[in-house]
Amino acid sequence: MIFSSLPFFIFFFIIILLLLFLKDQRSKKIVLLLSSYFFYSYWDYRFLTLILVSTLVDYYIGKKLVITNKEKERKRLLIISLVVNLGILGFFKYFNFFIDSANSAFGFLGLNLSTLNIILPVGISFYTFQTLSYTIDIFRKKIEPAKSLLDFSIFVAFFPQLVAGPIVRASEFLPQLKKDIQIRKDNVLVGLQIFIFGLIKKVIIADRIAYFVDDIFMGPDLYGTATIWLAVIAYSIQIYCDFSGYSDMAIGIGRMMGFKLPVNFRMPYISRNVTEFWRRWHISLSTWLRDYLYIPLGGNRKGKTRTYINLMITMLLGGLWHGASWNFVFWGFLHGLGLMLNKLLHKGKQAKHNYFTSFFSWLMTYIFVCITWVFFRSHSFGDSMIILSKMFSMSDGIVWLYIPVILIIPLVVFSHAWAIVKRTEGYIIMNLATLQGAFALIFILMALFYFRVTNSNPFIYFQF
Amino acid sequence: MKKIVLIYIVAFISSILLWNIIIANFIYDQSSEKESSLAQGKDPYSKFVAANEGYANFYTDNYGYNNDLIEGKKDDEFRILVLGDSITEAAQVKREDNFVSQLEKKLNDRGEKFRVLNFGRGGRALPDYIAFAQDYINALSPDYVVIQVNPGDFLVKSEASGNLHYITRESGNFILIKSEMDSLSQRFKYIKDKTGWLRPLVGYTAIGSINFMNSLELSSMVDKIKHVNIFGNQKSVDITSVNTQSESEQANYQLSREDLEIIEWEITKLIELYGKNIVFLAIPVAPYIENGEVQYNRNEKEEQMKKDIDTICAKYGIGYLDPLEDYIQLYKEINKMSMGFHNTKPGQGHLNKYGHEITAQKLLNFFETLNIENFDK
């Protein structure tokens with residue numbers, strides 16, 4: 001069930017009531033766990049087994065890692081955790097991709113392997129990375145294992161962030177389970193506002209833009225240059241509002257139940273270089289890749305060449321994480337190039353900016369990111385090249401300047417500019433006990449009512 | 001607590017007022033129907049604003065339609081009455097850009113004294129033009145009648161169609177039946193009539209609530225409420241439902257004997273009421289974009305219906321204009337679709353200003369062949 005649906009509202013209302021009226025901490029945790037399993041089963045109950053396997057394997061490996069002191073044994077346990085988790089992820093997500101790629105590469109030798117009819121379990125990329133971070137952090141002796149299987153199971157399956165992030169670290173979440181789970185008025189009011197903010201981004205902005213972007217990317221050769229540019233910019237806004245909107249809703253829901261989930265986006269489109277972009281976009285993933293891939297590979301500690309190689313490997317795998325397609329790998333490759341170029345230009349130092357260079361850097365970074373989104377979104381590499389050629393040459397075609405997008409763009413620009421001027425990147429939380437707060441809340445709820453798109457699109461990042 | 005309640009009451013009322021202003025001026029404000037208007041038009045001299053598809057902002061005429069004031073017919077005036085549905089009503093473009101106004105301008109550029117009247121109204125079909133014929137003739141005294149149609153307009157056979165009138169057979173004869181408004185529609189109309197200047201909000205809320213409930217994915221829990229088109233009773237040509245027929249069904253599609261008889265009955269009825277000075281204007285839904293490709297042809301079913309109707313019209317000496325080739329030419333020459341707007345989708349919905357221009361030219365070409373100045377009124 002998606003967050004912006006009536007079944008979810010009913011489901012969540014029941015959970016809040018249960019957490020409000022139950023006195024026993026253990027009972028509340030059981031409610032959280034069972035509701036999370038129910039939430040996941042609503043998508044497809046068959047894949048609950050995978051979460052249970054991942055949970056049990058990593059919980060017991062976590063326990064064993066603390067007990068044993070032998071380095072060889074500890075490494076063996078970590079490898080088991082990696083193999084099980086990455087094996088499940090690899091099979092369900094990448095098996096057919098590798099088969100198809102092998103057939104393409106070696107078809108001339110007569111290779112023609114069969115693919116399997118595999119369904120991709122929702123959220124597998126997210127919860128797999130989450131459980132891996134747990135065992136790796138215990139291995140590194142950064143955290144203690146979870147107190148109980150119940151606590152760990154909740155950490156793995158916590159429904160607000162289970163299917164599309166943010167990827168939560170055990171060090172951030174497990175301590176919260178040690179405190180009393182309470183439904184408090186201040187948390188509900190703050191969480192509700194964050195949730196509504198995410199809902200606006202998703203159902204008013206992202207879904208509305210999708211109506212336009214989907215058609216353009218389905219047949220880009222029909223449209224002229226101006227339309228293509230508008231679609232590319234629109235998609236950059238769509239994916240941002242869709243994904244950050246979901247993250248906001250997850251954070252808001254968690255907050256209403258008294259849990260603080262990490263911020264996942266910090267206005268990525270104000271970035272002035274690709275490095276900064278990755279500090280602001282999908283922060284939970286980029287920090288995961290940094291801590292568990294880039295740094296173990298050596299990070300920037302083994303010389304320039306090795307740094308660039310490490311960056312590229314990290315971004316290639318980061319691209320692959322998004323989907324089993326060479327489009328995503330290429331997208332990752334482009335970002336790897338961007339990161340390498342930034343390192344080369346600034347030699348690791350913080351760039352100094354005046355207004356002009358600031359604007360120029362921002363513009364170049366934004367255009368670069370938009371170009372990479374073309375590969376991310378297109379149905380094929382061929383379509384990507386059609387779009388790029390139309391973007392950078394005057395091309396005839398149907399002119400469709402979708403009015404809602406033209407109205408949304410200045411809204412997004414203004415909100416970012418306002419945040420820069422006010423030097424704030426956090427949520428704007430209003431006092432709902434004032435007339436301004438009450439008016440804003442009711443006015444926005446009515447906007448959701450009037451401008452909600454009839455057929456809501458699924459969240460883009462659910463496919464990952 | 002009392003203070004919070006008061007704050008929220010004030011906030012609620014303020015939001016309602018602000019939204020009413022926004023909706024009335026920038027989104028949707030359509031007057032309700034009044035029985036006293038000619039053929040159930042809109043309120044006369046009332047404001048019409050609709051921004052959901054294209055943008056329209058005009059005042060209705062003294063009969064409740066999209067015209068400048070209609071005065072008594074002059075002696076040397078040649079009056080063309082254009083009947084049709086929302087395509088003719090043309091609420092998506094400026095009045096001067098719709099094909100009715102453009103036709104009048106093109107005719108009068110030649111120095112003739114023409115008045116071309118737009119009596120298009122969303123949701124209308126042939127049974128309605130038959131039912132209201134005497135009203136039109138008594139009030140307007142038209143010299144020629146243009147009837148804009150979709151193929152489906154000829155076969156409105158039940159109340160389920162949502163039209164004001166439909167045709168059915170009784171004791172072996174075809175008769176015209178007036179549809180009864182269901183109780184929900186009656187209640188809604190009553191509420192809209194009584195809400196005065198809050199009417200835009202009330203009207204838009206009805207549409208918004210249905211869309212909102214659909215978007216909350218209630219379909220798995222209750223039957224999905226049909227998406228209400230913002231123009232009320234308007235039926236739109238649903239390409240997807242037509243195209244869901246199998247290829248063999250479409251290829252072998254033929255109108256039944258009963259359907260052919262209905263069409264012939266309607267045409268003879270129209271001739272009986274309006275005289276032979278009638279021409280049909282069939283607006284096709286092509287070209288359109290589907291799955292990233294431009295589709296130029298009607299589907300097989302629609303194509304067959306057009307051929308059958310054309311044959312019957314020819315039998316009675318009635319013109320049947322089809323601007324499909326002109327619309328295709330428009331796209332091929334200058335990459336413009338004849339339907340669709342920047343706030344909807346190219347190739348879908350209603351005629352845009354390019355489509356209206358092409359359609360006006362098509363009608364002009366037709367009238368040029370008639371030698372209007374020698375016309376026997």
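All chains are named by letter (A, B, ...) in the order of the sequence lines, taking the proteins before the strands, and each is independently numbered beginning at 1. The analysis underlying the following values was restricted to heavy atoms, covering all of them including side chains, and did not include hydrogens, waters or symmetry mates. A quick note: this is a predicted structure, and the numbers were derived from the prediction, not measured.
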At a 4.5 Å cut-off on heavy atoms, which part of A/Leu432 comes close to chain B: side chain, backbone, both, or neither?
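When you check distances to chain B, atoms from both the backbone and side chain of A/Leu432 fall under 4.5 Å.
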By side-chain hydrogen bond (donor to acceptor under 3.5 Å, both in side chains) - contacts of B/Lys336 (at least two apart)
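With sequence neighbours excluded, B/Lys336 shows a side-chain hydrogen bond (donor to acceptor under 3.5 Å, both in side chains) to no residue whatsoever.
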Out of A/Phe8, A/Phe217, A/Phe443, A/Tyr223, return the one with the most heavy atom pairs under 4.5 angstrom to chain B.
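Counting heavy-atom pairs under 4.5 Å, the top option is A/Phe443.
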For chain B, find which of A/Ala447, A/Ala440, A/Gly437 contributes the most heavy-atom pairs closer than 4.5 angstrom.
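If we count pairs closer than 4.5 Å to chain B, A/Ala447 comes out on top.
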Are [X] and [Y] close enough that their ring centers fall under 6.0 Å?
| X | Y | result |
| --- | --- | --- |
| A/Phe328 | A/Phe376 | yes |
| A/Tyr450 | B/Trp19 | yes |
| A/Phe3 | A/Tyr246 | yes |

Identify which part of [X] has an atom lying under 4.5 Å from any heavy atom of chain A, answering side chain, backbone, both or neither.
| X | result |
| --- | --- |
| B/Phe341 | backbone |
| B/Ile9 | neither |
| B/Lys345 | both |
| B/Ile22 | side chain |
| B/Ile23 | side chain |

State whether B/Lys332 and B/Glu325 are salt-bridged, where the test is any N-O pair (Lys NZ or Arg NE/NH1/NH2 against Asp/Glu carboxylate O) under 4.0 Å.
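Here B/Lys332 does not pair with B/Glu325 in a salt bridge, since their nearest N and O are not under 4.0 Å apart.
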List the atom pairs, donor and acceptor, that lie under 3.5 Å between side-chain atoms in residues 391-403 of chain A and the rest of the protein, sequence neighbours left out.
from: A/Ser393; atom 1: OG; to: A/Ser389; atom 2: O; distance (Å): 2.6
from: A/Trp400; atom 1: NE1; to: B/Thr344; atom 2: O; distance (Å): 3.3

